[in-house]
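See structure below.
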2 protein chains.
Amino acid sequence: MVPLSRKSPVPPDRCNLARAVDQIGDRWTLLILRSALYGVRRFDDFQTELGTPRTILSGRLKSLVDSGLLAKRTYKVEGRRARPEYVLTTKGEALRPVLIALNQWGDQWLESEGQPPISFTDSQSRQAVRIAFVTEDGREVSVENMRIVLRR
Amino acid sequence: MVPLSRKSPVPPDRCNLARAVDQIGDRWTLLILRSALYGVRRFDDFQTELGTPRTILSGRLKSLVDSGLLAKRTYKVEGRRARPEYVLTTKGEALRPVLIALNQWGDQWLESEGQPPISFTDSQSRQAVRIAFVTEDGREVSVENMRIVLRR
DNA sequence: CAGTATCCGGTCTGATACTG
DNA sequence: CAGTATCAGACCGGATACTG
């Protein structure tokens, strides 16, 4: 357990965690990203699946495009009318490990009946996959062995 | 890239990621958890550091206690008046990897001047630590090699 | 310190409807 | 489909103040 402290080692206004929270730490934003990571791309698909009020969804999608997490593109299938779609950028795709980690936390700590409905495996070994911290050369590090390094 | 799909493979109401978002996917809640993971425990310390309106902070702390992420305890130092404090439970502590992962995402994707103010290393090898997916026996799996497994 | 009370203006939620 | 418009009620954010 971290000892009691009066203040965090990094003040929120210079903390990239706090800044990340400012950018995506919002219920609808996170749910939209969840759907996007599962391949949902269109306005009405987000709306139907999440039940987001259309006004709010419109605003959130704009913010996500502004902050570079989604790209708004036009999707054209021959013989059909062009449609807008919202696709994850590299920056948005980079959140996948974060959301998978949160999913695993939910699997473990939110009581639910039966097995979790979804899990991840290695396509080669077919073993279950979990999130972990590793050194540069790929050795696993337990949370207890992690040290905070402050720059200043 | 995940292919276009009309719907997520798991509907939000049965998805542990969506349920986790319902529980902690809120700006203040996430910021409070950030501070808590850094050892902050007292009402006014949260309030000063985050600038949360006192009314809101009060409510959020109650929710966090209700959902089992924080425990409200009484902290007694001899010769001083007893004080309430909010300490992370095991369930709350289990969110540490999630928030570290989000911190690392912020380090990489939120432009900021200079080096990130904080980073993590292995206390043994002193190497930098990053988040990764591993199999049960600790071998790293790339995101491209991960397969979704649906139960039902 | 650790809250609760109150007030105000703004945003969100939810519902419904309209348009290209 | 993909939005925008509108409206009512709830909750939030920010400020200030009061209490044990």
Side-chain angles (χ1 to χ4, degrees), chain A residues 4-7 12-13 18-19 21-33 35-36 39-67 70-87, chain B residues 4-7 12-13 18 21-36 39-67 70-87:
Chain A
L4 180 149
S5 65
R6 314 301 309 278
K7 288 165 44 178
D13 54 309
R19 297 171 63 221
V21 168
D22 282 338
Q23 191 153 118
I24 64 159
D26 161 81
R27 188 178 128 77
W28 289 122
T29 300
L30 287 166
L31 291 175
I32 291 166
L33 287 170
S35 294
V40 175
R41 296 188 192 173
R42 300 212 283 246
F43 190 94
D44 271 27
D45 291 339
F46 286 114
Q47 203 281 323
T48 302
E49 168 160 302
L50 300 175
T52 318
R54 308 181 72 80
T55 332
I56 306 296
L57 178 59
S58 175
R60 291 297 199 286
L61 289 173
K62 275 190 180 60
S63 306
L64 284 164
V65 170
D66 283 351
S67 51
L70 294 179
K72 183 174 185 175
R73 299 193 315 202
T74 299
Y75 184 72
K76 186 86 175 68
V77 176
E78 53 165 87
R80 296 218 191 153
R81 163 161 66 109
R83 300 174 188 289
E85 62 171 6
Y86 298 87
V87 190
Chain B
L4 179 149
S5 64
R6 315 301 308 276
K7 287 166 44 178
D13 54 307
V21 167
D22 282 339
Q23 192 154 118
I24 64 159
D26 162 82
R27 188 178 128 74
W28 290 121
T29 300
L30 287 166
L31 292 174
I32 291 166
L33 288 170
R34 185 202 79 105
S35 294
V40 175
R41 297 188 192 173
R42 300 212 284 247
F43 190 93
D44 271 26
D45 292 339
F46 286 114
Q47 202 281 320
T48 303
E49 168 159 304
L50 300 174
T52 318
R54 308 180 74 79
T55 330
I56 305 296
L57 178 58
S58 175
R60 291 298 197 285
L61 289 173
K62 274 190 179 62
S63 306
L64 283 165
V65 170
D66 283 348
S67 51
L70 294 179
K72 183 174 188 175
R73 299 194 314 204
T74 300
Y75 184 70
K76 186 89 175 66
V77 176
E78 52 166 89
R80 295 217 190 152
R81 160 162 68 106
R83 302 172 186 290
E85 62 172 5
Y86 298 88
V87 190

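Below, chains carry the letters A, B, ... as their sequence lines are ordered, and counting in each starts from 1. Predicted, not measured: the structure shown is a model, and the values here were computed from it.
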Discussion item. Check this for me: does the side-chain of A:Arg83 come within 3.5 Å of the base of D:dA2 through a donor and an acceptor?
Written reply: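 For A:Arg83, whose side chain was compared with the base of D:dA2, there is no donor-acceptor pair (under 3.5 Å).
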
Worksheet item: Can you find an N or O donor on one side and an acceptor on the other, under 3.5 Å apart, linking the side chain of B:Arg42 with the base of C:dA2?
Response: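 Check fails, no donor-acceptor contact within cut-off.
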
Presence of salt bridge, [Y] and [X], under 4.0 angstrom:
X       : Y       : answer
A:Glu49 : A:Arg42 : no
A:Glu85 : A:Arg73 : yes
B:Asp44 : B:Arg54 : yes
A:Asp66 : A:Lys72 : no

Quick check for you: among [options], whose closest atom lies nearest to any side-chain atom of [X]?
X       : options                : value
B:Tyr86 : D:dA2, C:dG3, C:dG14   : C:dG3
B:Pro84 : C:dA5, D:dG13, C:dA2   : C:dA2
B:Ile56 : C:dG14, D:dG14, D:dC12 : D:dC12
A:Phe43 : D:dC1, D:dA2, C:dC1    : D:dA2
A:Arg54 : C:dT13, C:dA17, C:dT4  : C:dA17

Worksheet item: Start at the 5' end of DNA chain D and walk down; is the nucleotide closest to A:Ser58 or to A:Arg81 reached first?
Response: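 So the residue in question is A:Arg81.
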
Discussion item. Taking the nucleotide of DNA chain D with the nearest heavy atom to each, does A:Gly59 or B:Trp28 sit closer to the 5' end?
Written reply: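 With A:Gly59 and B:Trp28 compared, the 5'-side residue is A:Gly59.
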
Worksheet item: Would you say C:dA2 has OP1 or OP2 under 4.0 Å from some side-chain N or O of B:Lys62?
Response: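 Indeed not, no polar side-chain atom of B:Lys62 lies that close.
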
